[in-house]
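Here's the structure, in structure tokens; my notes come after.
It should be emphasised that the depicted structure is a prediction, and the values quoted were computed from it without experimental measurement.
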Number of protein chains: 2
Amino acid sequence: MKLTTKGRYGLKAMFDLALNSNGEPIKLNAIGERQGISVNYLEQLISPLRKAGLVKSVRGAQGGYILAKPASEITVRDILVTLEGPIVPVDCVSEDDDENLCTHSDCCVSRIIYEKIRDSINEVVASITLQDMIDDHKQINATNIQVNCKN
Amino acid sequence: MKLTTKGRYGLKAMFDLALNSNGEPIKLNAIGERQGISVNYLEQLISPLRKAGLVKSVRGAQGGYILAKPASEITVRDILVTLEGPIVPVDCVSEDDDENLCTHSDCCVSRIIYEKIRDSINEVVASITLQDMIDDHKQINATNIQVNCKN
DNA sequence: ATTAATCTTGACAAAATTACTCGGACATAT
DNA sequence: ATATGTCCGAGTAATTTTGTCAAGATTAAT
Ligand code: FES
Ligand code: FES
């Protein structure tokens with residue numbers, strides 16, 4: 001039941017992008033330095049985020065990335081689902097994916113539990129936006145840009 | 001954010017044990033056949049469950065396992081924590097384990113999210129007991145013993 | 001036009017974790 | 001004694017994670 005570095009670093013990167021956005025595109029280099037993530041790895045994370053329509057890229061010199069939508073319209077769930085796939089404790093309760101369904105799913109007592117876990121997690125992460133994180137950050141600490149957090 | 005087979009099979013096994021308990025000890029062999037889990041692997045799962053005080057073993061011929069407590073006093077959380085460790089999305093929010101704490105945990109916006117995820121999952125699984133699963137099962141299907149569910 | 005900066009893509013690989021299997025020791029009912 | 005179970009630790013194949021790397025495409029600045 002752990003998130004992988006994809007989800008965690010991706011969330012950090014998106015938060016960094018939201019926090020430092022001033023109209024100009026932000027380089028992966030800058031994000032990587034602030035958040036302690038290698039640019040090489042960031043490239044791998046930002047690509048699906050772009051394809052999911054969460055960020056826009058500006059190519060060429062002085063290029064970079066900007067949020068594709070207001071921070072208040074990007075949820076933590078959007079980011080995690082993009083980078084980790086459906087947020088489910090077992091594959092057979094993923095809504096998208098009928099392929100992993102079990103044969104006796106209609107009379108499975110475990111399934112009831114897994115659906116509850118799935119729903120509770122998804123409710124939490126869908127209720128938090130990048131703007132919420134920014135608000136939290138401003139309230140907690142005006143200067144620090146969370147560099148020494150590994151996750 | 002997936003459970004491993006340890007947690008899933010362990011839950012199945014404990015449910016099987018609770019459902020089929022009639023005072024006599026139940027062999028891993030029987031559980032394995034009903035739930036489609038190899039006895040070899042089951043041995044590995046039942047061992048920590050015994051050490052955690054959730055089941056009692058009866059060694060020797062005609063031996064087996066019985067629940068150490070009433071089904072109504074064993075939660076899904078007990079089982080999952082025993083087999084998977086602390087239920088947390090990232091190590092730094094595990095209560096037991098101060099070792100994985102981040103250096104700036106006091107001003108980390110991600111942490112707030114991870115704590116919420118942690119709490120919501122733990123609330124769900126702590127609120128469900130083996131007895132609840134049995135009740136669900138009896139209501140859904142009186143005969144079937146969920147054999148073809150992989151999880 | 002050239003150059004330098006930056007994104008884009010796909011391949012590759014080391015490390016860690018998962019998901020088991022196996023062999024043998026031990027305990028007990030018959 | 002023997003058959004039937006649990007108990008324990010080692011070992012291992014497969015998978016996933018966590019990155020690195022190189023070559024190419026695009027564009028701003030000069
Ligand atoms: S575990 Fe998939 S439905 Fe039972
Ligand atoms: S991620 Fe561990 S506290 Fe910030």
Side-chain angles (χ1 to χ4, degrees), chain A residues 1-13 17 23-33 35-52 54-68 80 83-86 88-91 100 150-151, chain B residues 1-13 17 24-33 35-68 80 83-86 88-91 100 150-151:
Chain A
M1 295 294 291
K2 298 251 173 61
L3 290 169
T4 69
T5 54
K6 274 189 185 170
R8 301 193 327 254
Y9 291 180
L11 184 58
K12 278 179 79 169
L17 201 51
E24 315 247 299
I26 296 172
K27 295 177 279 186
L28 286 190
N29 200 332
I31 299 177
E33 272 187 17
Q35 302 299 334
I37 307 171
S38 95
V39 176
N40 279 328
Y41 199 33
L42 268 181
E43 286 171 353
Q44 207 171 107
L45 307 181
I46 204 82
S47 174
L49 291 169
R50 182 175 55 81
K51 285 170 184 162
L54 300 180
V55 301
K56 276 191 276 193
S57 69
V58 179
R59 302 185 68 165
Q62 317 309 319
Y65 293 91
I66 48 176
L67 294 185
L80 293 184
L83 291 170
E84 308 242 6
V88 290
V90 301
D91 284 332
N100 301 94
K150 300 184 291 280
N151 300 316
Chain B
M1 293 297 290
K2 298 251 173 61
L3 290 169
T4 69
T5 54
K6 275 189 185 169
R8 297 188 334 246
Y9 292 0
L11 184 59
K12 277 180 79 169
L17 201 51
E24 314 246 299
I26 294 172
K27 296 175 280 187
L28 287 189
N29 200 329
I31 298 176
E33 273 187 17
Q35 302 298 335
I37 307 171
S38 95
V39 176
N40 278 329
Y41 199 33
L42 267 180
E43 283 174 355
Q44 207 171 105
L45 306 182
I46 204 82
S47 174
L49 291 169
R50 182 175 56 79
K51 286 168 183 163
L54 299 180
V55 301
K56 277 192 274 194
S57 69
V58 180
R59 299 187 66 166
Q62 317 311 318
Y65 293 91
I66 48 177
L67 293 184
L80 293 184
L83 291 169
E84 307 244 5
V88 290
V90 300
D91 284 332
N100 302 94
K150 300 185 290 279
N151 300 316

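- Atom OH of A/Tyr65 is separated from atom P of D/dT26 by 14 Å (rounded to the nearest Å).
- Closest to the side chain of A/Glu43, out of C/dT8, D/dC8, D/dT18, is C/dT8.
- Within the structure, every side-chain polar atom (N or O) of B/Tyr9 is placed at least 4.0 Å from both OP1 and OP2 of C/dA19.
- With B/Tyr65 as reference, B/Leu28 is the one residue of B/Leu54, B/Leu28, B/Ile31 to meet the side-chain contact (heavy atoms from CB on, under 4.5 Å) rule.
- Between the CD1 atom of A/Ile37 and the P atom of D/dG19 there is a distance of 9 Å, rounded to whole Å.
- By the neighbour-count criterion of 12 heavy atoms within 6.0 Å, atom CD of A/Glu43 is densely surrounded, having more than that number from other residues, nucleotides or ligands.
- Summarising the geometry, the separation between CG on B/Leu83 and P on C/dA19 is reported as 12 Å, rounded to the nearest angstrom.
- We find that OH of A/Tyr41 is positioned 17 Å from P of C/dA14, with the value rounded to whole Å.
- Where B/Glu84 and B/Gly60 each meet DNA chain C at their nearest nucleotide, the meeting point lying more 5' is that of B/Glu84.
- Taking atom CD on B/Glu24 and atom C1' on D/dG5, their separation rounds to 14 Å, with Å as the unit.
- A side-chain donor-acceptor contact under 3.5 Å links A/Thr4 to the backbone of A/Lys6.
- One interatomic measurement links the two molecules: CG of B/Leu42 to C1' of D/dC7, which rounds to 14 Å at whole-angstrom precision.
- For A/Asn40 and A/Thr4, each mapped to the nucleotide of DNA chain D holding its nearest heavy atom, the one lying further toward the 5' end belongs to A/Thr4.
- Among the nucleotides D/dT6, D/dG5, C/dT8, the one closest to the side chain of B/Ser57 is D/dT6.
- The side chain of A/Gln44 lies closest to C/dA11, out of D/dC8, C/dT28, C/dA11.
- The side-chain heavy atoms of A/Lys2 and B/Val90, taken from C-beta on, include no pair separated by under 4.5 Å.
- With B/Tyr9 as reference, B/Ile37 is the one residue of B/Ile37, B/Asn151, B/Leu42 to meet the side-chain contact (heavy atoms from CB on, under 4.5 Å) rule.
- Residue A/Thr5 has its side chain nearest to D/dG19 when only C/dC20, D/dG19, D/dA28 are considered.
- Residue A/Lys51 places its side chain closer to C/dT9 than to any other of C/dT28, C/dC22, C/dT9.
- Counting to the nearest Å, the P atom of C/dC7 and the CG atom of A/Leu28 are 4 Å from each other.
- For A/Arg50, the side-chain atoms get nearest to C/dT8 when compared with the rest of C/dA29, C/dT8, D/dC8.
- Rounded to a whole Å, the NZ atom of B/Lys56 is 13 Å from the P atom of D/dC7.
- Counting any heavy atom pair closer than 4.0 Å across all strands shown, B/Ile46 reaches no nucleic acid atom.
- Residue order along DNA chain D, read from the 5' end via each residue's closest nucleotide, puts A/Arg8 first among A/Arg8 and A/Arg59.
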